[in-house]
Amino acid sequence: MESKCQRRKKTTIFRMFLIPLTAIMLIQSVVTIGTLVAKRIAGTLQEYSGSMMSRLVENRKVILQNDMNQRWASVNEQELAMTEALQQFLDEEDMELLEFLDSSEQKTRFMELVFPDCLAMIQNSSTTGLFFLFTGDEWEMAGEYDGFFVRDSDPNKSPANYSDLLLERGSKTLSRQWDIPLDTNWTTRFHMAGEGKDASEYSFYEPWRAGREYGEAA
């Protein structure tokens, strides 16, 4: 009898604490939800989150624009140097531009001449690659073009031995001279399917298109 009485007392005490606690929790939940609804705190929080996201996006936009401007400024500096190098090469060889473009040997020699400057450019920037190619006038047609394409597997580092670089397009001579390994998809020339006909070639055609449409732009 005593054990039964003790059990009843324990059960009664348990219910005495459980029921009030449950009721208090329910009341608190109702009060909290009611406050959120009455004061529209949920909408305010959502609006605040949206404004914070907008500011973050705007800040990121400014950072990206500044980064792009700095990179284009670097490329713009190289344009004059490349033009002067080509003109000097033509003068030394006593050649016209069209004659130069028709000679694979002369184009190869010129690429070997400017290749060190291109390596310095890619090593001093955070870009993932650099390509240089001689193009014709028929950009919409498929064809093969002389040039080179160097990919940087780790743009944040610039080892002196060029261990982070791979030659994806270009002659084996460049690979041997500068100790840059060939990529698994390496070929000597650019095999282009034609503008708008191969999405994988977008990165080559887009600068080409922009150069045609905005030839006078800085």
(Q) One pair to check against side-chain contact (heavy atoms from CB on, under 4.5 Å): Met111 and Phe134. What are the steps and the verdict? (A) CA-CA 10 Å; Met111 285 189 289; Phe134 294 99; 3.7 Å; yes
Q. Do Met53 and Leu64 sit in the same hydrophobic cluster, where Ile, Leu, Val, Met, Phe, Trp and Tyr count as joined when their side-chain heavy atoms come under 4.5 Å apart?
A. no
Q) Do Arg60 and Val57 come close enough that some side-chain heavy atom pair is under 4.5 Å? A) no
Q) Between the main-chain N or O of Pro181 and the side-chain N or O of Trp186, is there a donor-acceptor pair closer than 3.5 Å? A) no
Q. Quick one: CE on Met95 to CG on Leu98, what's the gap to the nearest 0.5 Å?
A. 10.0 Å
Q. Looking at OG of Ser175 and CG of Leu165, how far apart are the two atoms once the value is rounded to the nearest 0.5 Å?
A. 11.0 Å
Q. More than 12 heavy atoms of other residues, nucleotides or ligands under 6.0 Å from CG of Asp94: is that the case?
A. no
Q.
Within this structure, what is the CZ-CD distance for the pair Arg109 and Glu112, rounded to the nearest 0.5 Å?
A. 8.5 Å
(Q) To the closest 0.5 Å, what do you measure between NE2 (His191) and OG1 (Thr188)? (A) 6.0 Å
Q.
Looking at every heavy atom in both Leu130 and Phe149, which two are closest together, and how far apart are they?
A. O-CD1, 3.3 Å
Q | Asp164/Lys157 ion pair, N-O < 4.0 Å | A | no
Q) If you count the non-hydrogen atoms of other residues, nucleotides and ligands that lie under 6.0 Å from CD in Glu144, is the total more than 12? A) yes
Q. Can you name the one residue among Thr187, Asp183, Asp146 that meets side-chain hydrogen bond (donor to acceptor under 3.5 Å, both in side chains) with Arg169?
A. Thr187
Q. For Leu56, does the CG atom have more than 12 heavy-atom neighbours from other residues, nucleotides or ligands under 6.0 Å away?
A. yes
**Q.** Heavy atoms from other residues, nucleotides or ligands near CG of Asp179 exceed 12 (cutoff 6.0 Å)
**A.** no
**Q.** Residue pair Ile180 / Tyr162: nearest heavy atoms and the distance that separates them
**A.** CG1-CB, 4.2 Å
Q. Quick one: does Met192's side chain get under 4.5 Å of Tyr145's, heavy atoms only?
A. yes
Q | Enclosure of Glu96 CD (heavy-atom neighbours >12, cutoff 6.0 Å) | A | no
Q: Give the minimum heavy-atom separation between Leu90 and Phe100, together with the two atoms involved.
A: CD2-CB, 3.6 Å
Q | 4.5 Å side-chain heavy-atom contact, Met82 and Cys118 | A | yes
Q: Examine Phe110 and Leu97 and state if one hydrophobic cluster contains both, with Ile, Leu, Val, Met, Phe, Trp and Tyr joined whenever side-chain heavy atoms are less than 4.5 Å apart.
A: yes
Q) How long is the span from the CZ atom in Phe190 to the CG atom in Leu133, to the nearest 0.5 Å? A) 5.0 Å
Q) Hey, what do you get for CD (Glu168) to CG (Leu166), rounding to the nearest 0.5 Å? A) 7.0 Å
Q) Going by atom types only, do Gln88 and Glu84 share a side-chain donor-acceptor pair under 3.5 Å? A) no
Q | Worked check of ring pair (Phe, Tyr, Trp, His ring centres under 6.0 Å) between Phe131 and Phe148 | A | CA-CA 6 Å; Phe131 64 90; Phe148 56 81; 9.6 Å; no
